[in-house]
Amino acid sequence: MEDPTVQRFPAQSALGTPISSSSSSGLNLTPTMSDEDSVRSRYIERLINANYQPSPSRTIYSDRFIPTRTGSNFGLFHLPAPRQPSSSEGRKDSSTSVYSTLLRTVLLGPESGVVSPVTPEKRSDWTNSPSRNIFRYKTDTSQPLQSLFPFGSDDAMPGVNHSPVKSPRKIPQSPYKVLDAPALQDDFYLNLVDWSAHNVLAVGLGNCVYLWNACSSKVTKLCDLGIDESVCSVGWAQSGTHLAVGTRHGKVQIWDASRLKRVRAMGGHRLRVGALAWSSSFLSSGGRDKTIFQRDVRAQEDFVSKLSGHKSEVCGLKWSYDDRELASGGNDNRLFVWNQNSTQPVLKYCEHTAAVKAIAWSPHVHGLLASGGGTADRCIRFWNTTTNSHFSCMDTGSQVCNLVWSKNVNELVSTHGYSQNQIIVWRYPAMSKLATLTGHTYRVLYLAISPDGQTVVTGAGDETLRFWNVFPSAKSQNTDSEIGASFLGRTTIR
C-alpha cells in the first residue's frame, strides 16, 4: 500500500476541517462507509491536524550538529555577561540563537558588540569552573595574546633568535674631508687617483703627480712631466713605495716615492696609457692603441708580452687577489679575462652595451668579478670566472665609472656619472642600497680605497677630492670608523 502521507484525498476544506457527511434536503448523500474506510479516514485526519507525532522508534536526522558547550570557559576571552533568554522562547529557537550568537562572538571577538550567550543546560555555573576552558593547555588569562598560540611562545621554538634586531649601520652622508684638486681632468677613460698600502694618496693633476699623506696631511709634489706631457694614470705597487705613471705619449714611468726619484721609463704603447695594474713585480698597462703590455720591472726589456683582443681603448685593468687572473675592460664594450701566460683572452664577456671601465674583484669569493658599463649601459654585472657564468645584473640608472669591494664586509661602492653624479654603497649579494652619497657636481670618475678598508676617496671634474667613511673596521663592523675625525675642513693640493 502506498504511503498515506503522499497520497492526496479531497476530504479536507481549505481551513483543514473535515467535510461534514450529514444528510441534507436536496443533496445526494454518499453511501455509508465501511469499517476499513473509517479507519483510513481517521488516519488521514491525524495527518492533516497538527497533532502528528513521529514514532519513537524512527530516527530523525538533522541537517547540522549543534554542539554542547557545557565544558567551555568563555571567561578566558573576557566576554561580557550572558543575556538571559526569555521564558517564552522555545527550546529549539533558544539553541539556535545560542549557537549563532556564540559563533559570531568567537569569530569577531568581544568588541563586535555581540552579547555572548550561554548554553541553556549550564548557564548558571559556567563562569565558576576555572578548570574548564576551550584551550586546555593555557589557563592563565593574564597571559599576553601570544600565549594563546597553539605552539606557545616563540621561546619554546628551536632555531629562533630572540636577540634584539640590530639597527642598520649609519653611513655619514657628507664627506669628512674635501681637497681641492685643480686641473683634475674630466675624462672617463683615465685613472688618476690611487691609495697606497702606506696610506699615501697619489693624484695626477695636469702634467704633475702629487702625494697626500693621510697620516700627516702633508702634500708633496712627486714629479712634473713637462709642458708637452700629461698624466693619464697612476698606480701604486702592492707593497713598497713605487708608483707607476702612465703618460699621454704612451710611456710608463716608475717612481720611488720615498726618494722622489724616477727609477725607470718604459715604452711600447703608441698612444696614451689610461690604465695600470700591479701583480707582485709585474705591471700591466692598457692604452688607447687597444693593447695591453705585461711588464716585469726586474727585467731589462720594456715588456715581456703583448695582449691583443680589444677593438678599442683599454680603460680598465684589475688583477685578482691571488694574482692569477687579469680582467680588462675597453671602449669596445667588452670585458676580458686573461691568465698569467695567455696572450689571448681566456674568457670574453660581451653583455655590456657601453664602455667598461669599472672593474672589481671580490676579496671574499674566489673568481667573483664585478663590472660596470657606461652611459648607454648603466649596469653592474657579476661574473664567476671559475665556472664562466653570469651571476646577476643591476641597473643603476646612471653611468658606472668605478667599483671597489670592501675587504672588511661583503659590500661594494660604485661611483656614477651621467646623470646622477652619486656614490652608492651596496650590500652584496642582495644589492640593496645602504647609502647614496652626493656632493660632486660633475661625474665621479675616480675612486680609491684606504689601506684599512674603511674610507674611500672620490674625484670628479669639479676639481675636488672627497673622503667618505663608508665601511666598518675589520675588527668591529658595528662601529663607525674614526679615521679622518681630525681632518675636518678643506685643503688644497699644491
Side-chain angles (χ1 to χ4, degrees), residues 166-184 186 192-195 199-203 205 210 212-219 358 360 372 380 396-428 431-494:
K166 297 180 180 178
S167 58
R169 187 177 79 254
K170 293 183 178 180
I171 299 177
Q173 295 294 305
S174 301
Y176 70 81
K177 188 175 184 63
V178 178
L179 299 180
D180 282 329
L184 185 61
D186 184 27
L192 298 175
V193 177
D194 197 21
W195 208 326
N199 213 12
V200 177
L201 187 70
V203 185
L205 301 178
Y210 291 87
W212 179 76
N213 191 307
C215 298
S216 62
S217 295
K218 180 181 178 180
V219 178
I380 300 175
T396 66
S398 57
Q399 178 188 41
V400 184
C401 300
N402 280 286
L403 289 169
V404 66
W405 220 298
S406 169
K407 297 179 294 183
N408 303 335
V409 288
N410 201 10
E411 300 171 4
L412 65 158
V413 166
S414 61
T415 66
H416 300 270
Y418 302 123
S419 58
Q420 302 298 322
N421 303 332
Q422 60 191 356
I423 302 111
I424 302 178
V425 185
W426 307 86
R427 176 181 284 116
Y428 186 84
M431 288 305 287
S432 56
K433 291 184 181 180
L434 297 178
T436 300
L437 311 176
T438 58
H440 286 289
T441 57
Y442 281 62
R443 51 186 180 169
V444 189
L445 297 176
Y446 310 111
L447 174 67
I449 189 168
S450 61
D452 64 3
Q454 301 180 60
T455 304
V456 296
V457 58
T458 57
D462 56 10
E463 299 184 344
T464 63
L465 297 173
R466 299 173 185 265
F467 295 78
W468 314 80
N469 285 325
V470 295
F471 296 129
S473 63
K475 295 181 179 179
S476 176
Q477 299 180 2
N478 297 324
T479 58
D480 293 336
S481 170
E482 297 181 357
I483 186 172
S486 60
F487 297 120
L488 299 178
R490 190 179 182 96
T491 309
T492 301
I493 295 182
R494 272 305 187 200

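Numbers here are sequence positions counted from 1. Please read all numbers here as calculations on a predicted model, not as lab measurements.
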Taking Val413 as the fixed residue, which of Val470, Asn402, Leu434 is the one that meets the side chain to side chain contact (heavy atoms under 4.5 Å, CB included) rule? Val470
Heavy-atom pair with the smallest gap, counting every atom of [X] and [Y]:
X	Y	result
Ser398	Ser419	CB-N, 3.6 Å
Gly372	Val400	CA-CG1, 3.7 Å
Pro472	Val409	CG-CG1, 3.6 Å
Ile171	Asn469	CG2-O, 3.6 Å
Val456	Phe471	CG1-CE1, 4.3 Å
Asn421	Tyr418	OD1-N, 4.1 Å

Once salt bridge (Lys or Arg N to Asp or Glu O under 4.0 Å) is applied, what residue pairs with a partner in residues 434-444 remain, sequence neighbours excluded? Asp186-Arg443
Tell me which pairs pass salt bridge (Lys or Arg N to Asp or Glu O under 4.0 Å) where either residue lies in residues 397-418, with sequence neighbours left out. Arg169-Glu411
Heavy-atom check, side chain of Gln454 versus side chain of Asn408, under 4.5 Å: yes
Val444 side chain reached by Cys401 side chain, heavy atoms, under 4.5 Å: no
Assess the residue pair Thr438 and His440 against the criterion (side chain to side chain donor-acceptor pair (under 3.5 Å)); give the C-alpha distance rounded to whole Å, side-chain angles, the decisive distance to 0.1 Å, and a yes or no. CA-CA 6 Å; Thr438 58; His440 286 289; over 6 Å; no
Do we see a donor-acceptor contact under 3.5 Å between the side chains of Thr458 and Trp468? yes
What distance separates Ile424 CD1 from Thr436 OG1, expressed to the nearest 0.5 Å? 5.0 Å
Mind checking what makes side chain to side chain donor-acceptor pair (under 3.5 Å) contact with Ser406, not counting sequence neighbours? none
Let's go through Ser414 and Trp426 carefully: what are the C-alpha distance in whole Å and the side-chain angles of both, what is the deciding distance for side chain to side chain donor-acceptor pair (under 3.5 Å) to 0.1 Å, and is it a yes or a no? CA-CA 8 Å; Ser414 61; Trp426 307 86; 2.8 Å; yes
Answer with yes or no after comparing the ring centroid distance for Phe467 and Trp212 against a 6.0 Å cut-off, counting only values under it. yes
